[in-house]
Amino acid sequence: MAKKTAYLGMLTALAFVFSYIEFLLPINVGIQGIKLGLANLIVIVTLYTIGFKEACVLSVVRIILTGFTFGNLFSMLYSLAGGALSLLVMVIGKNVKLFSVVGVSVLGGVFHNIGQILVAILVVENGSLLYYLPVLIVSGTIAGVMIGILAAILIKRLKHTIRKC
C-alpha cells in the first residue's frame, strides 16, 4: 500500500509538472482553451495501469493544485467539469472494449472540451458558444490521438512495474 501511495504521489507530481509546461507554452490558434492535454497522459496511464478510483483522485488533485497555482476559480470549474466528463467517458470507452488506448484518449479529449463548453454556456448564459464546439472537437481529437499514442507506449512499458506496487 505504501508503494502504491508513493507511486500515485509521483504520478500526481508529474501531471502537475505537465500542467505547468502547458501553462508556460500555450497554443495560440485564436481560440481560448485549446491545449495538448499533457496531464491527461498521466490520467490515462493511471486508468489503465492502476484503476479508475486512483485516476479520479489523481485528476481531481491535479486540477485543484493547478487551479490554485496557475488559474482561478473559473478555470478550476471548467477543468473539473471537463476532467470529470472526460474521465467518465474514458472509463466507459475502456470498459466496453471497443476502443484502443488511442480511441479512449480521443474520447477523453473530445469530451473534456464538451464539458468545458457546457459549463461556459451555463456561466455566461449564452448558447452561442456552441459555435466553438466543432473546432474544439477537432482539436480534442488531434490532441487525443497524440496523447493516446504516447499513453499506449507508456502503458506497455510500465504495466509490469506498476502491478508490483
Side-chain angles (χ1 to χ4, degrees), residues 10-50 52 54-67 69-72 74-121 123 129-159:
M10 289 189 317
L11 288 173
T12 303
L14 185 57
F16 181 71
V17 167
F18 283 172
S19 293
Y20 180 62
I21 291 169
E22 274 192 328
F23 175 75
L24 291 176
L25 304 171
I27 297 173
N28 189 1
V29 292
I31 296 178
Q32 183 91 9
I34 292 181
K35 295 181 179 179
L36 286 175
L38 293 174
N40 197 44
L41 172 64
I42 306 305
V43 174
I44 293 170
V45 169
T46 303
L47 177 64
Y48 272 88
T49 57
I50 301 175
F52 166 71
E54 292 82 357
C56 188
V57 169
L58 183 145
S59 185
V60 169
V61 169
R62 194 253 334 146
I63 289 168
I64 291 171
L65 283 173
T66 302
T69 308
F70 311 118
N72 55 43
F74 285 111
S75 67
M76 262 196 294
L77 180 65
Y78 294 134
S79 292
L80 283 169
L85 185 59
S86 171
L87 189 57
L88 176 66
V89 172
M90 287 193 299
V91 167
I92 292 168
K94 176 183 178 272
N95 289 340
V96 298
K97 308 222 187 288
L98 291 175
F99 301 97
S100 65
V101 173
V102 175
V104 169
S105 177
V106 168
L107 287 172
V110 168
F111 278 89
H112 185 71
N113 289 338
I114 290 172
Q116 288 187 323
I117 279 288
L118 292 175
V119 169
I121 288 170
V123 168
L129 291 175
L130 281 174
Y131 290 115
Y132 289 119
L133 198 54
V135 174
L136 292 176
I137 288 173
V138 170
S139 72
T141 301
I142 293 168
V145 168
M146 292 188 301
I147 295 300
I149 290 169
L150 291 172
I153 293 167
L154 284 173
I155 290 164
K156 183 187 276 188
R157 293 182 184 214
L158 293 175
K159 207 161 199 158

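The structure presented is a predicted model; accordingly, all values stated were derived computationally and were not measured. One is the number of the first residue; the rest follow in order along the sequence.
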The single option from L154, I155, I44, L11 passing side-chain contact (heavy atoms from CB on, under 4.5 Å) against T49
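With T49 as partner, side-chain contact (heavy atoms from CB on, under 4.5 Å) holds for just one option, I155.
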At what distance, to the nearest 0.5 angstrom, does [atom1] of [X] lie from [atom2] of [Y]?
{"X": "E22", "Y": "N40", "atom1": "CD", "atom2": "CG", "result": "9.5 Å"}
{"X": "L87", "Y": "L107", "atom1": "CG", "atom2": "CG", "result": "12.0 Å"}
{"X": "Y48", "Y": "M90", "atom1": "OH", "atom2": "CE", "result": "9.0 Å"}
{"X": "T69", "Y": "M76", "atom1": "OG1", "atom2": "CE", "result": "9.5 Å"}
{"X": "L25", "Y": "L36", "atom1": "CG", "atom2": "CG", "result": "9.0 Å"}
{"X": "I137", "Y": "N113", "atom1": "CD1", "atom2": "CG", "result": "8.0 Å"}

Ignoring hydrogens and angles, tell me if any N or O in the side chain of [X] forms a donor-acceptor pair with the backbone of [Y] under 3.5 Å.
{"X": "S105", "Y": "V101", "value": "no"}
{"X": "S75", "Y": "N72", "value": "yes"}
{"X": "T46", "Y": "I42", "value": "yes"}
{"X": "S139", "Y": "L136", "value": "yes"}

Heavy-atom closest contact ([X] atom, [Y] atom, distance):
{"X": "L47", "Y": "F52", "answer": "CD1-CA, 3.8 Å"}
{"X": "V119", "Y": "A81", "answer": "CG2-CB, 3.1 Å"}
{"X": "V106", "Y": "T141", "answer": "CG2-O, 3.8 Å"}
{"X": "S59", "Y": "V43", "answer": "CB-CG2, 4.2 Å"}
{"X": "A39", "Y": "R62", "answer": "CB-NE, 3.5 Å"}
{"X": "L58", "Y": "A15", "answer": "CD2-CB, 4.2 Å"}

Answer yes or no: is there a side-chain heavy-atom contact under 4.5 Å between V123 and L77?
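Sidechains of L77 and V123: in contact.
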Hey, does L150 have a side-chain heavy atom less than 4.5 Å from the side chain of M146?
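M146 vs L150: side chains apart.
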Tell me if the aromatic rings of F23 and F16 count as close, with their centers under 6.0 Å from one another.
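Not under 6.0 Å, so no.
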Set of residues satisfying ring pair (Phe, Tyr, Trp, His ring centres under 6.0 Å) with respect to Y78, sequence neighbours excluded
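Applying ring pair (Phe, Tyr, Trp, His ring centres under 6.0 Å) to Y78 gives none.
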Atom CZ of residue position F70 - does it have more than 12 heavy atoms of other residues, nucleotides or ligands inside 6.0 Å?
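Yes, the 6.0 Å shell around CZ holds more than 12 heavy atoms from other groups.
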